[in-house]
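Residues take their numbers from the sequence shown, with the count starting at 1.
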Amino acid sequence: MNVVQAKPGTGSSLNARTPATLLTRDGRSRFGHSPVPPHELAESAPTSEVPWRTRRVRHAGNGSTFADSGSTLWLEAARRGEARMAAIGDVARLAGVSKATASRALSGKGYVAEETRRRVESAAAEIGYIASPDAASLVTGRTKNVGVVIPFVNRWFFGEVLEGIERSLLAAGYDLTLYNLSDSGPDRARVFEFFLARKRVDAVIAVGVDLAEHEVAALDRREKPLVCLGGTGGNAARLSIDDRAVGQLATEHLLHLGHTRIAHLAGIGAIGRPDTVQGTRRQGFLDAMDAAGHAPSPADVVETEMTMPGGYRAALQLLGHPGPRPTAVFAASDEVAFGALRAAERLGIAVPRELSVVGVDGHEYAELFDLTTVEQYPGEQGRSAVGVVLRLLGEGAVADPLPDSGAPMPTRLVVRASSTAAPR
């Protein structure tokens with residue numbers, strides 16, 4: 001996973017017959033230029049510059065260079081020199097094919113017989129050949145690198161998504177460059193105006209980020225495919241669960257248990273921005289309550305950070321307030337629900353006898369907390385997002401890049417011991 005990419009500097013190479021006094025022990029110029037073949041170094045370097053026990057070399061039939069007597073240092077240096085000098089032509093000669101065939105076999109572009117491909121790969125591995133990504137980029141116009149924009153790296157949901165993305169990209173031969181995006185300000189502007197738009201990425205995956213029109217336009221102008229996983233991104237390809245339906249399902253579960261005084265611990269911005277994940281989950285809660293003939297008061301919806309400490313603070317405020325107390329809480333995430341369970345324990349409220357709690361996500365600790373939750377599958381969502389990106393980049397043969405034509409991604413209600421019938 002890349003965070004910063006650096007491009008090696010360039011410079012004119014020294015002549016292969018550069019005096020040994022200007023060379024390091026492994027045959028490289030002291031100025032960082034091209035290496036000298038090990039056998040030439042052995043023949044031309046004075047004794048003081050070559051401290052190994054022997055400077056005589058012989059050549060094996062396959063072109064490898066070995067020291068005549070047992071100097072491990074010399075042999076390792078020779079091998080390092082060979083790996084640096086290996087080129088596609090060397091691979092082609094060793095495999096007995098043309099350079100064009102060797103290039104196709106190693107890049108995966110174009111038809112090559114399977115037996116030939118294996119022979120070329122074996123030859124490349126034998127001499128330590130590694131294709132230059134810069135050279136490949138000049139030929140294909142691709143960097144084999146995808147930028148991932150994510151608002152948090154220390155929350156379970158985003159970590160699971162990121163793991164799914166990374167594994168799928170690596171399997172497809174792509175690198176990943178991660179951008180931890182702030183809500184606003186110059187740092188966010190630089191990500192879209194410089195790093196993503198001008199740096200070397202083929203496409204962008206935005207996870208749980210609400211993108212502004214000008215941010216989407218900056219990528220579109222430079223023909224960078226964009227896939228949004230949750231969040232909003234104009235007309236970009238988008239994968240998501242149905243957050244409104246999730247809010248309805250969690251609330252309806254509590255209503256079916258006989259609860260009528262149900263509160264909602266919502267994410268920050270849920271009221272002011274109804275089109276966000278937090279806003280649509282809140283709307284699902286309100287829809288279910290309205291359909292059941294109940295009208296929650298404004299005090300029954302408390303916004304908080306989608307974290308365990310955030311849920312703890314919000315639940316203390318909600319449950320510790322004088323007056324009628326809700327008998328059930330729908331939390332916008334499992335981490336918020338964990339915080340609510342801890343707050344109830346501190347206030348001496350028995351769960352689920354006096355208070356039922358339902359979350360969203362399917363967090364890995366949900367079973368440990370006995371939490372009823374609406375599960376989603378963030379790792380699979382990350383893998384699906386990569387699949388869409390690869391199709392948009394022409395890596396697949398499927399015309400429609402969106403799985404199931406953009407249908408919502410799967411969720412399910414998992415009932416555990418944190419929810420039960422309303423107290424009488």
Check: If you look at every heavy atom in L371 and G359, which pair is closest and at what distance?
Finding: CD1-N, 4.2 Å

Note to self: If you count heavy atoms of other groups shown closer than 6.0 angstrom to CZ of R342, is the number above 12?
What the structure shows: yes

Checklist line | Check: K99 main-chain N/O paired with S103 side-chain donor or acceptor under 3.5 Å | finding: no

Notebook entry, point to check: Taking the side chain from E163 and the backbone from E160, do they hold a donor-acceptor pair closer than 3.5 Å?
Noted result: no

Check: Checking side chain to side chain contact (heavy atoms under 4.5 Å, CB included) for the pair L255/H294: CA distance, chi angles, key distance, verdict?
Finding: CA-CA 10 Å; L255 288 166; H294 305 296; 3.8 Å; yes

Item checked: R261 backbone acceptor or donor facing R325 side chain under 3.5 Å -> no

Checklist line | Side-chain donor/acceptor of S418 to backbone N/O of V357, under 3.5 Å | finding: yes

Checklist line | Shortest non-hydrogen contact between T304 and A314, atoms and distance | finding: CB-CB, 3.7 Å

Notebook entry, point to check: side-chain contact (heavy atoms from CB on, under 4.5 Å) with F157: which of D361, L162, V360?
Noted result: D361

Next item on the list: Please say which of V227, L229, L176, V201 ends up in a side-chain contact (heavy atoms from CB on, under 4.5 Å) with V148.
Entry: L176

Checklist line | F192 and L181, any side-chain heavy atoms less than 4.5 Å apart | finding: yes

Check: Do the side chains of V336 and T307 get nearer than 4.5 Å, heavy atoms only?
Finding: no

Check: Hey, mind stepping through V358 and V329 against side chain to side chain contact (heavy atoms under 4.5 Å, CB included) and telling me if it holds?
Finding: CA-CA 6 Å; V358 177; V329 169; over 6 Å; no

Item checked: NZ/NE/NH1/NH2 to OD/OE distance under 4.0 Å, R118 and E115 -> no

Next item on the list: Please report the shortest heavy-atom distance between V388 and A237, naming the atom on each side.
Entry: CG1-CB, 4.2 Å

Check: Is it true that E121 and R117 make a salt bridge, defined as a side-chain N closer than 4.0 Å to a carboxylate O?
Finding: no

Check: Is it true that a side-chain atom of D290 and a backbone atom of D287 form a donor plus acceptor pair closer than 3.5 Å?
Finding: no

Next item on the list: Answer yes or no: is there a side-chain heavy-atom contact under 4.5 Å between I241 and V246?
Entry: yes

Next item on the list: Please confirm whether the backbone N or O of G164 pairs with a side-chain atom of S168, one donor and one acceptor, at under 3.5 Å?
Entry: yes

Note to self: What I'd like to find out is whether the side chain of T411 reaches to under 4.5 Å of the side chain of Y377, using heavy atoms alone.
What the structure shows: no

Margin query: Parallel, tilted or perpendicular: which one describes the rings of F285 and F330, with boundaries at 30° and 60°?
Written below: tilted

Next item on the list: For L226 and L392, run side chain to side chain contact (heavy atoms under 4.5 Å, CB included): C-alpha distance rounded to whole Å, both residues' side-chain angles, the deciding distance at 0.1 Å, then the answer.
Entry: CA-CA 9 Å; L226 169 64; L392 291 173; over 6 Å; no

Next item on the list: Determine whether the side chains of D210 and T232 contain a donor N or O and an acceptor N or O closer than 3.5 Å.
Entry: yes

Check: Is the backbone of G362 close enough, under 3.5 Å, to the side chain of D334 for a donor and an acceptor to pair up by distance?
Finding: yes

Notebook entry, point to check: Got more than 12 heavy atoms from elsewhere within 6.0 Å of CD, E367?
Noted result: no

Next item on the list: Kindly determine whether S419 and S356 satisfy side-chain hydrogen bond (donor to acceptor under 3.5 Å, both in side chains), including the steps that lead there.
Entry: CA-CA 4 Å; S419 59; S356 290; 5.5 Å; no

Checklist line | Minimal non-hydrogen separation, G267 against A332, with atom names | finding: N-CB, 3.9 Å

Next item on the list: Can you see which heavy atom on Q248 is nearest to which on A288, and at what distance?
Entry: O-CB, 4.0 Å

Next item on the list: Give the ring-plane orientation class for F369 versus F338, where under 30° counts as parallel, over 60° as perpendicular and anything between as tilted.
Entry: parallel

Next item on the list: Check for a donor-acceptor pair, side chain of T420 on one end and backbone N or O of P352 on the other, with a separation under 3.5 Å.
Entry: no

Next item on the list: May I ask you to decide if V277's main-chain N or O and T280's side chain share a donor-acceptor pair within less than 3.5 Å?
Entry: yes

Next item on the list: Check the pair L318, L265 against side chain to side chain contact (heavy atoms under 4.5 Å, CB included), reporting the backbone distance first and the verdict last.
Entry: CA-CA 9 Å; L318 175 71; L265 298 182; 4.1 Å; yes

Note to self: Tell me whether R281 is salt-bridged to D243, with the criterion being a basic N under 4.0 Å from an acidic carboxylate O.
What the structure shows: yes

Notebook entry, point to check: Between N145 and T177, is any side-chain donor less than 3.5 angstrom from a side-chain acceptor?
Noted result: yes

Next item on the list: Look at E303 together with R282 and state whether they make a salt bridge at an N to O cut-off of under 4.0 Å.
Entry: no

Checklist line | Side-chain (D242) to main-chain (R244) donor-acceptor, under 3.5 angstrom | finding: yes

Next item on the list: Search all heavy atoms of P225 against all heavy atoms of L393 and return the closest pair with its distance.
Entry: CG-CD2, 3.9 Å

Check: So, T327 versus H259: side-chain donor-acceptor pair below 3.5 Å or not?
Finding: yes

Checklist line | Option passing side-chain contact (heavy atoms from CB on, under 4.5 Å) with P326 (candidates I262, L319, L254) | finding: L319

Notebook entry, point to check: Is there a side-chain contact between E335 and H363, using heavy atoms and a 4.5 Å cut-off?
Noted result: yes

